[in-house]
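To start, the structure itself, in structure tokens.
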Protein chains: 2
Amino acid sequence: MSRSGADLALLLLGGFRTLVDDATAELARRGFDDVRPVHDFAMRAIAAGADNASELGRRMSVSKQAAAKTIAVLAERGYVAREPDPADARRKLLQVTSLGEEVMRQGEAIFDELRDRWLQQIGPDALADLEAHLTALVGPRPVRLDAPGWVAHDDGGGPA
Amino acid sequence: MSRSGADLALLLLGGFRTLVDDATAELARRGFDDVRPVHDFAMRAIAAGADNASELGRRMSVSKQAAAKTIAVLAERGYVAREPDPADARRKLLQVTSLGEEVMRQGEAIFDELRDRWLQQIGPDALADLEAHLTALVGPRPVRLDAPGWVAHDDGGGPA
DNA sequence: ATTGTTAGACAACAAGGTTGTCTAACACAG
DNA sequence: CTGTGTTAGACAACCTTGTTGTCTAACAAT
């Protein structure tokens with residue numbers, strides 16, 4: 001019964017990965033095989049007002065160089081456009097293209113469907129509790145999606 | 001305030017990262033500043049019987065080359081030792097050193113303390129529920145800790 | 001003995017991150 | 001207007017964790 005703290009961590013990671021892997025697979029099935037959740041996340045930040053690389057970096061708690069790399073990929077694949085900012089010649093204005101918006105729409109729908117499936121499995125009350133408790137525990141920390149070298153151990157059951 | 005599926009994913013990631021970041025920081029504070037949770041995880045697998053690179057790769061659902069790289073790091077830092085296997089000249093026997101065992105011990109203690117803190121915050125019942133539900137939702141999938149970009153690489157590379 | 005499988009090493013490369021350095025452009029004194 | 005500081009973005013070197021591909025040595029089994 002009594003689980004270890006490491007199990008808990010693994011469980012959370014497992015939940016996250018289950019969701020994300022399924023979503024990515026489904027997104028690929030729908031024709032977008034070159035987008036990852038990070039990209040979606042970045043597009044959302046751009047759409048929400050982070051319209052230049054430095055700002056995007058700040059919002060994602062990542063260096064501006066890292067942000068620039070992500071943007072380069074996104075631009076290359078046609079999900080965001082870059083134009084010179086008329087108001088500041090240093091800046092390049094970012095804009096999510098209609099293709100990018102389509103990805104965000106589909107991504108959202110897929111994640112919602114996935115959540116719905118969970119809802120069916122454990123019931124609305126349990127899911128609401130889970131979310132509420134997690135929210136309380138995580139607190140108001142900025143969302144970072146990076147992190148080289150994370151996880152912990154398994155213990156007890158042993159990796160199957 | 002019905003949340004979106006994406007929020008749920010972010011919440012799970014947030015929970016995981018909270019735990020892991022705190023644990024890594026605490027481990028560093030205790031003198032182990034060159035170990036990451038992945039390393040801990042690998043050591044545990046080794047201790048649990050994955051005593052050669054190929055087997056370790058299999059258990060961690062990762063290529064044997066990736067496993068070999070991790071082992072190289074672990075060996076370099078003195079957490080595992082490699083000796084030739086007398087029974088099979090191809091193999092190199094892996095063994096967690098006493099230093100490695102110390103890390104595992106500390107890591108376990110830290111994670112348990114962290115879980116305890118959560119327990120204090122939301123109560124034993126809520127935590128038990130959270131774990132039970134997550135377990136049900138994640139199902140029996142193998143633990144993978146990889147994922148650059150959080151998801152499938154369409155194409156890993158290799159010599160052209 | 002030939003044939004097939006496995007372990008491990010080496011190499012090239014992907015994707016995401018980090019610093020550091022540099023230039024162009026802005027902002028704001030004085 | 002000019003000097004000084006800050007900011008945006010680009011470029012480059014490098015880290016980490018992963019991926020394939022290729023190769024040799026060693027084992028296994030016909």
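Letters A, B, ... mirror the listed sequences (proteins, then strands); counts begin at 1. Values below: every heavy atom of this structure, side chains too, minus hydrogens, waters and symmetry copies.
As a whole-Å value, the separation of Met60(B) CE from dT19(D) P is 9 Å. Following rounding to the nearest Å, Phe41(B) (CZ) and dT16(D) (C1') show an atom-to-atom distance of 18 Å. The distance between atom CG of Asn52(A) and atom P of dA25(C), rounded to the nearest whole Å, is 16 Å. Separating the CZ atom of Arg82(A) from the C1' atom of dG9(D) is a distance of 10 Å, rounded to the nearest angstrom. In this entry the distance linking CD of Glu55(B) with C1' of dT5(C) reads 16 Å, nearest Å. Rounded to whole Å, the distance from CG on Asp34(A) to C1' on dG16(C) is 16 Å. To the nearest angstrom, P of dG8(C) lies 14 Å from CD of Glu83(B). Between the CG atom of Asp85(A) and the P atom of dA10(D) there is a distance of 13 Å, given to the nearest Å.
Using a 4.0 Å heavy-atom distance criterion, Lys92(A) is classed as a sugar-phosphate-only contact. Residue-level contact check: Ala68(A) touches neither bases nor backbone, having no heavy atom under 4.0 Å from any strand.
Comparing dA7(C), dC14(D), dC27(D) against the side chain of Lys69(A) picks out dC14(D) as the nearest. Comparing dA8(D), dG16(C), dA7(C) by their nearest atom to the side chain of Arg36(A) picks out dG16(C). Listed candidates were dA9(C), dA26(D), dT19(C). Nearest to the side chain of Asp88(B) is dA26(D). For Val62(A), whose side chain is taken as the heavy atoms from C-beta onward, the closest listed nucleotide among dA25(C), dG8(C), dG17(C) is dG17(C).
Residue Arg90(A) has no polar side-chain atom (N or O) positioned under 4.0 Å from OP1 or OP2 of dG9(D). Taking side-chain N and O atoms only, Arg91(A) has no distance below 4.0 Å to OP1 or OP2 of dA10(D). Put simply, Ser54(B) has no side-chain N or O that comes within less than 4.0 Å of OP1 or OP2 on dT6(C). For dG18(D), the OP1/OP2 oxygens have a side-chain nitrogen or oxygen of Thr70(B) closer than 4.0 Å. Within the 4.0 Å cut-off from OP1 or OP2 of dG16(C), at least one side-chain nitrogen or oxygen of His39(A) is found.
No hydrogens or angles were tested; on distance alone, a donor-acceptor pair under 3.5 Å links the side chain of Lys64(B) to the base of dG8(C). On a pure distance criterion of 3.5 Å, a polar donor-acceptor pair joins the side chain of Gln65(A) and the base of dG20(C).
Ion pairing of Asp40(A) with Arg36(A) is absent here, as no side-chain N (NZ or NE/NH1/NH2) approaches a carboxylate O to less than 4.0 Å. In summary, Glu102(B) and Arg30(B) do not engage in a salt bridge, as defined by a charged side-chain N under 4.0 Å from a carboxylate O. Electrostatic pairing of Asp22(B) and Arg117(B) counts as a salt bridge here, judged by a charged N lying under 4.0 Å from a carboxylate O. Looking at Arg44(B) and Glu101(B), no side-chain N of the basic residue comes within less than 4.0 Å of a carboxylate O on the acidic one, giving no salt bridge. Glu55(A) and Arg91(A) are not joined by a salt bridge, as no carboxylate oxygen comes within less than 4.0 angstrom of a charged side-chain nitrogen.
The only option from Thr70(B), Ile71(B), Val103(B) that meets the side chain to side chain contact (heavy atoms under 4.5 Å, CB included) definition with Met43(B) turns out to be Val103(B).
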